[in-house]
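Okay, so here's the structure we're looking at.
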Amino acid sequence: MKITLLGTGDSAGVPHIGCDCETCQRYLEEGKHRTRFSILVENDGERVLIDASPDLRFQFLREGIDSVDYLILTHAHYDHYAGLGSLYRVIWDPLPTYGVPNVLDSVFDEYSYLPFPRRFDVEPFEPFEVAGLEFKLVPVHHPPVETYGVVIRDNETGAKVAVTGDTSRYFDERSFEEMRGADLLVADAFVPAEGDYNRFVADRISDDGLEFADKHMTYEGAIDLVEALEPDEFALVHLSHYFTEEHEELADDGDVYVIE
Ligand SMILES: [Zn+2]
Ligand SMILES: [Zn+2]
Ligand SMILES: [Zn+2]
């Protein structure tokens, strides 16, 4: 299976609108972007989109994607579904869309005027087959909204990819076990624990430095998770403008992983 990180930015994206920090200025000068969260999974000639970024149009143009065959939604935050209006423009048949009932209810209540989704409700941990792969939505911790990570298995090759989705460091033990030992772990790493922060940001980093505001992992939290889950490789995403050039091992928009 082939994984393309379409968007590696936080909910505001990098550069932030109107921000004069060093990172945002550098991104502006270089014409670089961290767009909002979306992942493309390709297998057996079919394309599965995990979440629909508000930057979906830009991402599809950048990567030469003309459409997708399936959609999976992890949670009802705008940075994960506000691309549905753009997606609608490139879908000609109702798009099979998978998610847990509460997530699909929240998203489709907001987009009730869009006729395109063909809804498939799945339960947490219930495996479903799409594009020759097995997917599971596993609960994570991202209050106040119900949120899921995604575990993908190729049962022919044994390949496994785990996506934490938006989550704090401390989530459901069963989900933790599902994600263990993946070939690739894609993990939320919202901010570095140490930074040139104002009080508003600094006060929201947990005492152990592993979480931001009880709902995202810090860079340190994500590395701690990587050490606990022991994937072969990992990609840190959902990244804010608080990272500088000194931070290594951060994923970039357009990064591709081929997992056999
Ligand atoms: Zn998000
Ligand atoms: Zn900035
Ligand atoms: Zn979120």
Side-chain angles (χ1 to χ4, degrees), residues 3 5-16 19 21-27 30 32-39 50-51 53 55 74-75 77 79-80 138 140-143 147 149-150 161-172 175-176 179-257:
I3 305 287
L5 303 179
L6 298 178
T8 60
D10 68 344
S11 58
V14 184
H16 269 223
C19 182
C21 83
E22 205 182 299
T23 299
C24 290
Q25 289 306 309
R26 178 164 51 84
Y27 270 60
E30 294 173 7
K32 263 185 80 176
H33 289 273
R34 284 195 187 285
T35 60
R36 274 71 66 85
F37 187 94
S38 246
I39 294 177
I50 299 178
D51 288 340
S53 165
D55 300 310
T74 64
H75 69 298
H77 270 160
D79 55 318
H80 297 254
V138 301
V140 289
H141 185 247
H142 185 56
T147 301
V150 186
V161 173
V163 179
T164 69
D166 288 14
T167 185
S168 72
R169 171 64 183 84
Y170 303 109
F171 55 86
D172 190 298
S175 302
F176 189 87
M179 291 185 197
R180 187 188 288 282
D183 296 287
L184 171 68
L185 174 70
V186 181
D188 174 343
F190 188 53
V191 292
E194 298 285 333
D196 186 16
Y197 298 138
N198 58 34
R199 247 196 69 229
F200 177 73
V201 175
D203 284 354
R204 302 181 83 194
I205 292 174
S206 62
D207 291 342
D208 65 6
L210 301 184
E211 296 188 330
F212 177 83
D214 191 32
K215 61 198 289 185
H216 288 281
M217 287 182 276
T218 58
Y219 173 85
E220 288 74 5
I223 295 293
D224 186 67
L225 184 74
V226 165
E227 284 167 4
L229 292 178
E230 300 181 313
D232 280 357
E233 54 182 337
F234 64 94
L236 303 183
V237 301
H238 216 283
L239 306 170
S240 65
H241 64 146
Y242 293 109
F243 288 97
T244 67
E245 279 185 295
E246 285 165 28
H247 293 100
E248 293 173 355
E249 299 176 320
L250 305 179
D252 280 311
D253 283 26
D255 282 358
V256 170
Y257 298 82

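Just the heavy atoms: all of them, side chains too, but no hydrogens, waters or symmetry mates, feed the values below. Values in this document were obtained by computation on a predicted structure and should not be read as measured data.
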Assign the ring pair H77 / H142 to parallel, tilted or perpendicular, where the plane angle (0 to 90°) is split at 30° and 60°.
-> perpendicular
Evaluate whether atom CD of E233 has more than 12 neighbouring non-hydrogen atoms of other residues, nucleotides or ligands under 6.0 angstrom away.
-> yes
Mark yes when over 12 heavy atoms from residues, nucleotides or ligands other than E30 sit less than 6.0 Å from its CD; otherwise mark no.
->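 Correct, the count exceeds 12.
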Value rounded to 0.5 Å, distance of [atom1] in [X] from [atom2] in [Y]:
| X | Y | atom1 | atom2 | answer |
| --- | --- | --- | --- | --- |
| F212 | S168 | CZ | OG | 13.0 Å |
| D79 | R36 | CG | CZ | 7.5 Å |
| R26 | T244 | CZ | OG1 | 7.5 Å |
| L236 | L250 | CG | CG | 6.0 Å |
| T167 | F176 | OG1 | CZ | 11.5 Å |
| I205 | H216 | CD1 | NE2 | 12.5 Å |

Determine whether [X] and [Y] make a side-chain contact, defined as any pair of heavy atoms from C-beta on separated by less than 4.5 Å.
| X | Y | answer |
| --- | --- | --- |
| I39 | L5 | yes |
| Y170 | H141 | no |
| P15 | H33 | yes |
| Y242 | V201 | yes |
| V226 | L185 | yes |

I223/E249 under side chain to side chain contact (heavy atoms under 4.5 Å, CB included): CA gap, chis, key distance, verdict = CA-CA 10 Å; I223 295 293; E249 299 176 320; 4.1 Å; yes
Which of these passes side-chain contact (heavy atoms from CB on, under 4.5 Å) with V186: V237, T164, I50?
->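 Exactly one pass, corresponding to V237.
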Under the ring-ring contact (aromatic ring centres under 6.0 Å, His included) test, which residues partner H247, sequence neighbours left out?
-> Y219, F243
Mind listing the closest non-hydrogen atom pair of [X] and [Y] along with its distance?
| X | Y | answer |
| --- | --- | --- |
| S240 | D10 | CB-OD2, 3.4 Å |
| F37 | V163 | CZ-CG1, 4.0 Å |
| A228 | R169 | CB-NH2, 4.0 Å |
| D183 | D232 | O-CB, 3.3 Å |
| A251 | A235 | CB-CB, 4.1 Å |
| C19 | Q25 | O-NE2, 3.1 Å |

Indicate yes or no for a side-chain donor-acceptor contact from [X] to the backbone of [Y] under 3.5 Å, with no hydrogens or angles considered.
| X | Y | answer |
| --- | --- | --- |
| T35 | L6 | yes |
| T218 | G209 | yes |
| D224 | E227 | no |

Scan side-chain atoms only and decide if T147 and D166 contain a donor-acceptor pair under the 3.5 Å cut-off.
->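 Their side chains do not contain a donor-acceptor pair, so the 3.5 Å distance test is not met.
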Do H241 and T23 get their side chains close enough for a donor-acceptor pair, meaning under 3.5 Å?
-> no
Out of D255, D252, D55, which one pairs with R34 under the salt bridge (charged side-chain N to carboxylate O under 4.0 Å, His left out) rule?
-> D252
Without placing hydrogens or testing angles, list every side-chain donor-acceptor pair under 3.5 Å for residues 189-197, not counting sequence neighbours.
{"unit_1": "Y197", "atom_1": "OH", "unit_2": "P192", "atom_2": "O", "d": "2.4"}

For side-chain hydrogen bond (donor to acceptor under 3.5 Å, both in side chains), just list the numbers for D51 and S38, CA-CA rounded to whole Å, side-chain angles, deciding distance to a tenth of an Å, and then say yes or no.
-> CA-CA 5 Å; D51 288 340; S38 246; over 6 Å; no
